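This structure is a prediction, so every number in the text was calculated from the model and none was measured. Naming convention: chains lettered A, B, ... in sequence-line order (proteins, then strands); numbering from 1 in each chain.
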Amino acid sequence: MTIRVRFAPSPTGNVHIGNIRVAIFNWLYARSQGGKFLLRIEDTDLERSTPQAIATLLDALNWLGLHYDEEAVYQTAMRHRHDDAVKLMIEQGHASRKSEGEPTILHLHEGLFDPSFVTEPRDAAEIDVSQGELFANPCALVHETTSSKGEVFTRPIAWDSLACLEIETEDGQRVAGSVLRDKTSECNTDATSLLGKKPVKLHFKRRYVFYDDMVLGRLEKPLDSLRDLVIARSDGSPVFHLANVVDDVEMGITHILRGNDHIENTYRHLFIFKAINAAPPKYAHFPMIVNAKGKPYSKRDGDAYVGDFKEKGFLPECLFNFLALCGWAPGDGREIMKREEMVKAFSLDRINSSAAQFNCEKLEWMNGQYLTKMDLLTLLPLIRAELKNEGIAAGDFDAKWLARLIELEQERMRTIKEFVEHTSYFFADQVQFDEKAVKKVLQKNEGAGLKIIAGILSILQSLADWTEKALEEKITAFAEGKGLKMGDVAQPLRVAITGGTVSPGIWETLFLVGRERALARISRVLAEVKPE
RNA sequence: GUCCUCAUAGUGCAGCGGUCAGCACGUCAGAUUCUCAGUCUGAAAACCGGGGUUCGAAUCCCCGUGGGGAUGCCA
């Protein structure tokens with residue numbers, strides 16, 4: 001059987017890195033297992049789902065190379081399947097609806113207790129009901145308590161989940177649970193009046209719902225802590241749980257890999273699979289990513305939208321790599337990995353079980369590493385696009401010239417955006433001067449820096465051969481002749497040419513700025529800047 | 001309230017009964033270079049608390065504490 005996994009986002013708001021990491025893990029699992037990676041768009045929330053959100057979602061998947069194998073499934077198109085499933089469950093006596101205008105409820109009754117996910121009654125258990133009120137109805141015992149803050153908690157416990165139930169009353173007597181169950185009418189009936197005395201404790205044998213999570217191991221939950229579940233709303237529309245399960249069956253999903261916010265849902269979903277006579281898939285839950293405050297990301301805040309990373313000049317292969325490493329590691333210390341390497345090394349049992357905080361600084365470092373190792377021909381169009389994006393007519397610049405500039409800047413930039421930030425003086429006619437730099441490097445010490453560039457100006461003016469090599473020779477000779485350190489010469493020049501104190505090597509910079517502009521900039525500085 | 005789940009440096013990972021608790025980002029210091037970046041070298045920095053089990057626990061169990069989640073019509 002081939003493995004089939006899916007990414008099932010709801011297109012409400014912008015897809016954030018937490019969502020996309022779920023997609024990455026699914027994709028990696030599918031590829032590592034030779035399985036299929038499918039996409040289902042859960043657009044049943046008509047109020048909040050927008051075409052625009054779907055577009056940005058598809059865009060993000062495409063950008064990151066998360067290609068899916070079959071046509072995307074839109075959940076709204078599956079509505080009739082959901083309705084059929086509800087009908088089936090009612091027919092088979094698993095679900096019921098009191099009347100039109102009421103929700104449809106799936107009952108946790110013995111008919112659904114499959115040994116593959118519900119244990120036999122196992123541990124002797126008791127629930128203290130001395131505080132609060134106890135009610136009974138045909139489906140459940142309902143324990144209602146009020147917290148110190150005044151919140152009311154109702155805890156309905158399905159009769160069938162309480163094996164060998166005995167109810168202890170205030171006088172120490174024990175009454176068989178069946179007595180109470182038989183006496184209940186339609187509504188919640190006060191247990192005290194049914195029994196003639198106040199119940200204080202429930203004694204029973206506890207069953208557990210369980211499944212084997214491929215990341216977390218065996219997970220279980222007392223069956224009595226689960227209540228019947230709504231599968232269709234009052235208006236008849238299917239709720240998430242129902243739609244989700246039915247679609248997974250329809251799509252032949254074999255493995256569900258999702259965030260651990262769904263751990264609890266899984267216990268419920270198992271009953272739905274059973275109620276529609278379908279075999280449940282295997283599950284793996286992994287931790288969510290949290291933001292710098294340690295809180296979960298939310299679409300509502302527009303937090304960490306994937307498109308923002310594209311905008312900021314991160315490379316998709318880097319973001320992919322980085323997100324895969326949030327909660328997963330190959331185990332041998334490798335960090336920067338090609339996609340094929342990750343596919344090869346990926347396994348669910350190496351996924352971490354604790355939440356990962358997103359560390360943007362490390363992402364920037366990693367992006368810098370990617371950029372440094374990147375092939376020039378691959379990088380060139382990305383830079384051109386970004387220049388264009390910034391309103392710089394990149395087409396006007398000679399390809400060789402631009403290539404050389406990229407070469408020089410390649411290991412200095414951490415994002416594509418930084419390239420533009422670092423290199424504005426190569427493209428502009430006028431330079432933006434950093435006043436501090438001008439003061440410190442040119443004006444200080446009675447204009448020592450100015451004197452130096454004045455001296456060098458005449459040498460450069462007479463230089464016919466404007467090449468990196470020639471510039472290096474002339475400037476070095478100048479420094480040596482004057483008994484100056486290279487830094488004493490390079491920095492004043494750098495400020496005059498670039499406006500600031502940071503640039504690639506000075507002769508490379510001079511060369512690329514070009515003879516005309518370089519000389520003009522030095523002359524202008526000499527004309528306009530006066531010693532302190 | 002009840003239930004589920006998680007917990008190793010500031011951050012991300014490694015460790016899965018015996019390690020001087022390792023790696024990476026970041027931080028700090030030094031080296032190199034005309035500045036920056038990079039590269040190289042070095043440093044500081046962690047097993048949430050308390051009980052057990054064991055000759056021996058970061059590792060297994062229990063109880064706390066803290067974070068996240070669920071608790072009948074969000075997905």
Of the nucleotides [options], which has the atom closest to the [X] side chain?
X: A/A356; options: B/rU2, B/rA75, B/rC13; value: B/rC13
X: A/K295; options: B/rG12, B/rG68, B/rG1; value: B/rG68
X: A/L216; options: B/rU5, B/rG69, B/rC73; value: B/rU5
X: A/W365; options: B/rA14, B/rG26, B/rA37; value: B/rG26
X: A/R268; options: B/rC25, B/rU71, B/rC3; value: B/rU71
X: A/P296; options: B/rU5, B/rA24, B/rG68; value: B/rG68
X: A/E335; options: B/rG12, B/rC73, B/rA75; value: B/rG12
X: A/R350; options: B/rC6, B/rA14, B/rG69; value: B/rA14
X: A/E264; options: B/rA75, B/rC36, B/rC4; value: B/rC4

According to a strict under-4.0 Å criterion, is [X] in side-chain N/O contact with OP1 or OP2 of [N]?
X: A/Q369; N: B/rU39; answer: yes
X: A/R97; N: B/rC73; answer: no
X: A/N265; N: B/rG69; answer: no

Using a 4.0 Å heavy-atom cut-off, does [X] contact any base of the nucleic acid, only the sugar-phosphate backbone, or nothing at all?
X: A/H262; answer: base
X: A/T501; answer: base
X: A/H241; answer: base
X: A/P504; answer: base
X: A/L229; answer: nothing
X: A/R227; answer: base
X: A/V239; answer: sugar-phosphate
X: A/E220; answer: sugar-phosphate
X: A/E42; answer: sugar-phosphate
X: A/G505; answer: base

Taking [X] for its side chain and [Y] for its backbone only, find out whether a donor-acceptor pair lies under 3.5 Å.
X: A/D45; Y: A/S49; value: no
X: A/R350; Y: A/P330; value: yes
X: A/N321; Y: A/E335; value: yes

Between [N] ([atom2]) and [X] ([atom1]): distance, integer Å:
X: A/I336; N: B/rC13; atom1: CD1; atom2: C1'; value: 14 Å
X: A/Y208; N: B/rU5; atom1: OH; atom2: C1'; value: 16 Å
X: A/D235; N: B/rC74; atom1: CG; atom2: C1'; value: 14 Å
X: A/E361; N: B/rU11; atom1: CD; atom2: P; value: 12 Å
X: A/D213; N: B/rG69; atom1: CG; atom2: P; value: 18 Å
X: A/I506; N: B/rA37; atom1: CD1; atom2: C1'; value: 15 Å
X: A/N260; N: B/rA75; atom1: CG; atom2: P; value: 20 Å
X: A/L134; N: B/rU2; atom1: CG; atom2: P; value: 17 Å

note = What residues 474-488 of chain A contributes to the RNA chain B interface at heavy-atom separation below 4.0 Å is A/M486, A/G487

key: Near-strand residues of residues 322-332 of chain A, defined as heavy-atom separation under 4.0 angstrom from RNA chain B   = A/L325, A/C326, A/G327, A/A329

note = Interatomic distance, CE@A/M78 vs OG1@A/T44, rounded to 0.5 Å, equals 12.0 Å

request  = Kindly compute the distance separating CG (A/L202) from CG (A/D224), expressed to the nearest 0.5 Å.
outcome  = 9.0 Å

task = Anything under 30° is parallel, anything over 60° is perpendicular, the rest tilted; go ahead and classify A/F240 against A/H262.
result = tilted

message = Can you classify the ring geometry of A/F273 versus A/Y283 as parallel (below 30°), tilted (30 to 60°) or perpendicular (above 60°)?
response = perpendicular

query = Just wondering, are more than 12 heavy atoms of other shown residues or ligands nearer than 6.0 Å to CD in A/E151?
reply = yes

query = If you count the non-hydrogen atoms of other residues, nucleotides and ligands that lie under 6.0 Å from NZ in A/K440, is the total more than 12?
reply = no

inquiry  = I want to know whether A/F210 and A/F117 have ring centres closer than 6.0 Å.
reply    = no

inquiry  = If you take the centroid of each ring, where Trp contributes its six-membered ring, are A/H94 and A/H109 closer together than 6.0 Å?
reply    = yes

Check if the side chain of [X] and the base of [N] share a donor-acceptor pair of N or O atoms closer than 3.5 Å.
X: A/R494; N: B/rC34; result: yes
X: A/Q357; N: B/rG12; result: no
X: A/S503; N: B/rC36; result: no

query = Closest nucleotide of RNA chain B for A/T154 versus for A/D45: which of these residues is on the 5' side?
reply = A/T154

query = Does the distance from a Lys or Arg side-chain N to an Asp or Glu carboxylate O, for A/R122 and A/E220, drop under 4.0 Å?
reply = yes

